[in-house]
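Structure first, commentary second.
Since we're looking at a predicted model, the values are computed, not measured.
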Amino acid sequence: MEGSENMTTTVAFIGSGNIGSAVARLAIEAGHQVVLSNSRGPETLASTAAELGPRASAATSGEAAAAGDIVVVTVPVNAFPNLPAAPLAGKTVIDTCNYGPERDGHILELDSKALTSSELLLRYIPDAMVVKAFNNIFFKHLLSLARPAGAADRSYLPITGDSAPAKETVTEFIESIGYSVVDAGPLADSWRQATGTPVWGTPYGPFSNEKGQPVGEDAIRAALATATR
């Protein structure tokens, strides 16, 4: 992707909660186009799109999936069956989702650890290229810790995925919005960044500190390595 740093990427969002909104804001600031969607319909996102400015628009989830060069899926795990699989075929999909039985209900394959939540997502959108990212950082920290390339206090985020080209695409996007990346392996290893693991939340500081604290590559690798299942 020569010269891709000068190309505008369209980043579409299925789900517009805290993390989705934070990534959308950073994407706009980096010069990308953003298409927002949720389960309630585009009219419910009109004010958010207006606030984000002329590079943002709202659409149905199917329209957003079709429009995105990258599609960010940021929904409850129990909403995976409702995702628009056909327009996501062949797309690079960023999965920000965390499984929580108290919200999602119990899902046998996840409770038994037979699958990670990202592998479960792939069952519903089998022709997409899924990369797990952004699920391990508090949305306020994601907004406050972004730094320009080359900054000494730039933070690292872990990603997992099975597609090398998709990982490259996601890495370029994450680098464009103010972070560096640690490749944490295939989707089967994405449990290492799931809720409650050492790399989830903690390295970036307590939720009570909205500014957060920068985290370097070594600290992220060490946290991933100490995860137990």
Check your understanding: Between E29 and R25, is the closest basic N to carboxylate O distance under 4.0 Å?
Key ->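 Salt bridge flag = no for E29 with R25.
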Review point. Given the rule in the side-chain hydrogen bond (donor to acceptor under 3.5 Å, both in side chains) test, do H32 and T10 qualify, once you have shown the distances and angles that lead to the verdict?
Key: CA-CA 6 Å; H32 301 296; T10 298; over 6 Å; no
Check your understanding: Does the side chain of V11 come within less than 4.5 Å of Q33's, by heavy atoms?
Key ->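 In short, these two side chains do not touch, never coming nearer than 4.5 Å.
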Review point. Should D111 and Y99 be marked as a side-chain hydrogen bond (donor to acceptor under 3.5 Å, both in side chains) after you check the CA-CA gap, both sets of side-chain angles, and the distance that decides it?
Key: CA-CA 10 Å; D111 288 345; Y99 171 53; 2.7 Å; yes
Point to revise | Between T74 and T96, a side-chain donor and acceptor under 3.5 Å | key: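 The answer is yes; a qualifying pair exists.
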Search all heavy atoms of [X] against all heavy atoms of [Y] and return the closest pair with its distance.
X: W200; Y: F207; value: CH2-CZ, 4.5 Å
X: N135; Y: A194; value: ND2-CA, 4.1 Å
X: A227; Y: R192; value: O-NH1, 3.5 Å
X: P158; Y: L224; value: CB-CD1, 4.1 Å
X: H141; Y: E210; value: CD2-O, 3.5 Å

Check your understanding: Only one of T116, N98, D95 forms a side-chain hydrogen bond (donor to acceptor under 3.5 Å, both in side chains) with K132, so which one is it?
Key ->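 Among T116, N98, D95, the one meeting side-chain hydrogen bond (donor to acceptor under 3.5 Å, both in side chains) with K132 is D95.
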Review point. Do L110 and V130 sit in the same hydrophobic cluster, where Ile, Leu, Val, Met, Phe, Trp and Tyr count as joined when their side-chain heavy atoms come under 4.5 Å apart?
Key: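 In one cluster: yes.
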